[in-house]
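Here, residue 1 is the first one in the sequence, and each next residue gets the next number. Values below: all heavy atoms of this structure, side chains included; hydrogens, waters and symmetry mates excluded. Just so you know, ligand 1 is whichever comes first in the structure, and atom 1 is the first atom listed for that ligand.
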Amino acid sequence: MDCIFCKIASGEIPSKKIYEDEKILAFYDIEPQAPVHFLVIPKEHIDGADRIDESNSAIVAHVFQKIAEITYELGITQGYRIVSNVGKDGGQSVRHLHFHVLAGRELAWPPG
Ligand code: DGP
């Protein structure tokens, strides 16, 4: 499958890694939208949050647990935002489930 995040997960395409285990990878976004902007992906290919079901939902809990640990390790104390864009209207450009973690400035709400 020609999926850029599968290639990043396998190491075929390099990334600036923050955290990795057997199930997930966290790495800095190539187009940062905040002073701290990283992505967390499952290594298993899942198209997006719209494809979470009973068989694969445990990965979401694992991702959120690790985000709490990673942000603590990075010294992020003023809060952050977790975003998962879905489909065309959601602004998803890479069709492999990923969670943006944005921090380091006050973020606007609602998003544009
Ligand atoms: P989204 O638009 O929500 O699907 O987010 C995709 C993000 O992935 C976007 O912020 C840019 C980032 N991105 C795309 N290609 C690469 C890449 O090759 N390396 C890294 N580090 N990030 C990428």
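- Of the candidates Val94, Asp29, Ile13, the one placing a heavy atom closest to atom 11 (C) of ligand 1 is Asp29.
- Contact annotation for Tyr28 and ligand 1: only backbone heavy atoms (N, CA, C, O) come within less than 4.0 Å of the ligand.
- Using a 4.0 Å cut-off between charged nitrogen and carboxylate oxygen, Glu44 and Lys23 do not count as a salt-bridge pair.
- No side-chain donor-acceptor contact under 3.5 Å links His45 to the backbone of Phe5.
- Atom 18 (O) of ligand 1 has its closest protein heavy atom at Ile4 CD1, 3.5 Å.
- The closest approach between Gly91 and ligand 1 falls below 4.0 Å for a heavy atom of the residue.
- Counted by atom type alone, Asp21 and His62 present one or more donor-acceptor pairs between their side chains at under 3.5 Å.
- Closest to atom 13 (N) of ligand 1, if we only count protein heavy atoms, is Ile30 CG2, 3.7 Å.
- Checking side-chain atoms of Gln92 against main-chain N and O of Gly87 turns up a donor-acceptor pair under 3.5 Å.
- Ligand 1 has at least one atom lying under 4.0 Å from a heavy atom of His100.
- A donor-acceptor pair under 3.5 Å is absent between the side-chain atoms of Arg81 and the main chain of His100, judged by distance alone.
- Scanning the protein heavy atoms around atom 2 (O) of ligand 1, the nearest turns out to be Ser93 OG, 2.8 Å.
- Residue Phe99 does not touch ligand 1, judged by heavy-atom distances below 4.0 Å.
- Residues Glu31 and Asp29 approach most closely at N-OD1, 2.7 Å, considering heavy atoms.
- Looking from atom 8 (O) of ligand 1 to the surrounding protein, the closest heavy atom is Phe5 CZ, 3.3 Å.
- Here the side chain of Ser84 pairs a donor or acceptor atom with the backbone of His98 at under 3.5 angstrom.
- With hydrophobic clusters built from ILVMFWY side chains whose heavy atoms lie under 4.5 angstrom apart, Ile41 does not share a cluster with Ile18.
- Those atoms of ligand 1 that come under 4.0 Å of a heavy atom in Phe27, given as number and element, are 20 (C), 21 (N).
- By the criterion of a heavy-atom distance under 4.0 Å, the side chain of His98, and not its backbone, is placed next to ligand 1.
- Annotation: Tyr19 is not in aromatic contact with Phe27 [ring centroid separation under 6.0 Å not met].
- When only non-hydrogen protein atoms are considered, atom 19 (N) of ligand 1 lies nearest to Ile8 CD1, 3.6 Å.
- Salt bridge annotation for Arg95-Asp2: absent, with no cationic side-chain nitrogen under 4.0 angstrom from a carboxylate oxygen.
- Close contacts between ligand 1 and Gln92 involve ligand atoms 4 (O) [criterion: under 4.0 Å to a heavy atom].
- A heavy-atom separation below 4.0 Å is not found between Val83 and ligand 1.
- Contacts between Ser15 and ligand 1, counted as non-hydrogen atom pairs separated by less than 4.0 Å, are absent for every part of the residue.
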